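We name chains A, B, ... by the order of the sequence lines, and we start the count at 1 in each one. Here the structure is a predicted model, which means the values were calculated and not measured.
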Amino acid sequence: MEKNKKKSDFLHIGNKLLKWYDKNARDLPFRNTKDPYKIWICEIVFQQTRIAQGLNHYNNFIKRFPDVQTLASAEEDEVLLYWKGLGYYSRAINIHKASQQIINDYNGIFPSEYEEILKLKGVGKYTAAAVSSICFNGKMPAVDGNFYRVLSRIFADDFDVSNSRAFNYFSQLAHLIMPENVGDFNQAMMDLGSEICKPRNPLCGECPLNIDCLAFSLNKISEFPVKTKKVKATDLELKYYFVHRNGEFLIRQRKDDFIWKKLFEFPLEISDELIPFIKSVKNVHHKLTHKNLSIEIFNVEVYSEEAWKAFIDENDYIITNVENSHEKSFPKPLENYIQKYDVSYKFL
DNA sequence: AATCCGGGGGC
DNA sequence: GCCCCAGGATT
């Protein structure tokens, strides 16, 4: 960025954006509150997640955990259950830990200073800026993917957004156009980025900033933002054993060091004694952003009480059934499998 | 500074 | 198929 850029030359862009936002703000459930708890939850839910995708999760989460005290006193497994299907499950684990931080370190009162909000588990510079600006009149730009896209286009700036310095770089650009009302400014940038200045096929004709947008005037919108590093998916093969008897089946909880942190899953192996009880195999292919999953699910219907109990005793598995399984958070492919596989029906 | 972590939707 | 999304933690 040229160091001769002066705020006085660009501030009108931010003010224009605020005017647009006054009339065009999206009507979202977290827009009519300044409760830092709700804003915080919404910021975590919508990290790397589209509004349409996470809206039900957000509403259900707030309904069950309406305040920080309720969340802090809940079991971690139930928090994970409300995160089921959202992905990035460390968010759920961290959100729960952070709620207890607020109880223990801040006397149950949500911290109002940016530096304090930043200390909460799972809260980074973006989220701290968003919460402090929306709820406490903080003055930090909430630089996210929308900021990268909108600012790189306005300034026709080819700074690589996959560069680890992009956050600081675009924060400086943001300061050039940022007006006094930072809370509304941050939300306006999100709405503009989502509704107008979209990644593909942006609606430049309707954009309140098109006159000020250098990329638009150069007819080079599609060249911004610049992103060099692409994420490529790696293959992952899993074998699960759906071990069941009399309508019950076996599960266990995953660790927190890989995908599907602390979610529940079927056994990954069985003892030799259970091999004769394998009835069928189902192949599941599941695409994630970072993984190409191919899963074999072995349907193991155990008739022997002895073999069943011996296997459980050896491995410390949890016994559940189709109805109770709804109380546990499963990875999406296993969730789908359980819903299709009506154990209770098969054993009537 | 680089890598990892989900799932869904647009095109 | 490829890309992106109200990012953050870990190494």
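With side-chain heavy atoms closer than 4.5 Å counting as contact, directly or through intermediates, the hydrophobic cluster containing A/M190 also holds A/Y126.
Remark: A/K261 NZ is packed, more than 12 non-hydrogen atoms of other residues, nucleotides or ligands lying under 6.0 Å away.
In this structure, B/dG6 makes no Watson-Crick or G-U wobble pair, since no nucleotide meets both defining distances under 3.5 angstrom.
Aromatic rings of A/F147 and A/F170 (six-membered ring for Trp) have centroids beyond the 6.0 Å cut-off, not under it.
Here, C/dC3 and B/dG6 have their C1' atoms 15 Å apart, quoted to the whole Å. For the P atom pair drawn from C/dA6 and B/dC11, the interatomic distance equals 15 Å after rounding to whole Å. Here the separation of C/dC4 from B/dC5, taken at their C1' atoms, is 16 Å to the nearest Å. Rounded to whole Å, the P atom of B/dG9 lies 24 Å from the corresponding atom of C/dG8.
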Using a 4.0 Å heavy-atom cut-off to protein, can you give one letter per nucleotide of nucleotides 4-11 of chain C, 5' to 3': B if the base is in contact, S if only the sugar-phosphate is, - if neither?
BBBBSS--
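For the pair A/Q101 (side chain) and A/K119 (backbone), a donor-acceptor distance under 3.5 Å is present.
Within 4.0 Å (heavy atoms only), A/K198 reaches no atom of the nucleic acid at all.
Atom pair A/N163:CG and B/dT3:C1' shows a separation of 15 Å (rounding to whole Å applied). Look at CG on A/D160: it is 10 Å from P on B/dA2, rounded to the nearest Å. Look at CD1 on A/I95: it is 16 Å from C1' on B/dC5, rounded to the nearest Å. One atom, CD of A/E335, and another, P of B/dG7, lie 11 Å apart when rounded to the nearest Å. As a whole-Å value, the separation of A/I259 CD1 from B/dG7 C1' is 12 Å. A straight line from CZ of A/R165 to P of B/dA2 spans 10 Å, rounded to a whole angstrom. We find that CG of A/N292 is positioned 12 Å from C1' of C/dC2, with the value rounded to whole Å. Counting to the nearest Å, the P atom of B/dG8 and the CG atom of A/N56 are 13 Å from each other.
Residue A/S162 is the one, among A/L288 and A/S162, whose nearest nucleotide of DNA chain B lies closer to the 5' end (criterion: closest heavy atom).
Residues A/D157 and A/Y169 have side chains that bring a donor and an acceptor to within less than 3.5 angstrom of each other.
Close to B/dG8, at under 4.0 Å from its OP1 or OP2, lies a side-chain N or O of A/K332.
Residue A/E76 forms a side chain to side chain donor-acceptor pair (under 3.5 Å) with just one option from A/H96, A/K97, A/K262, and that option is A/K262.
A heavy-atom distance below 4.5 Å is not found between the side chains of A/I154 and A/F10.
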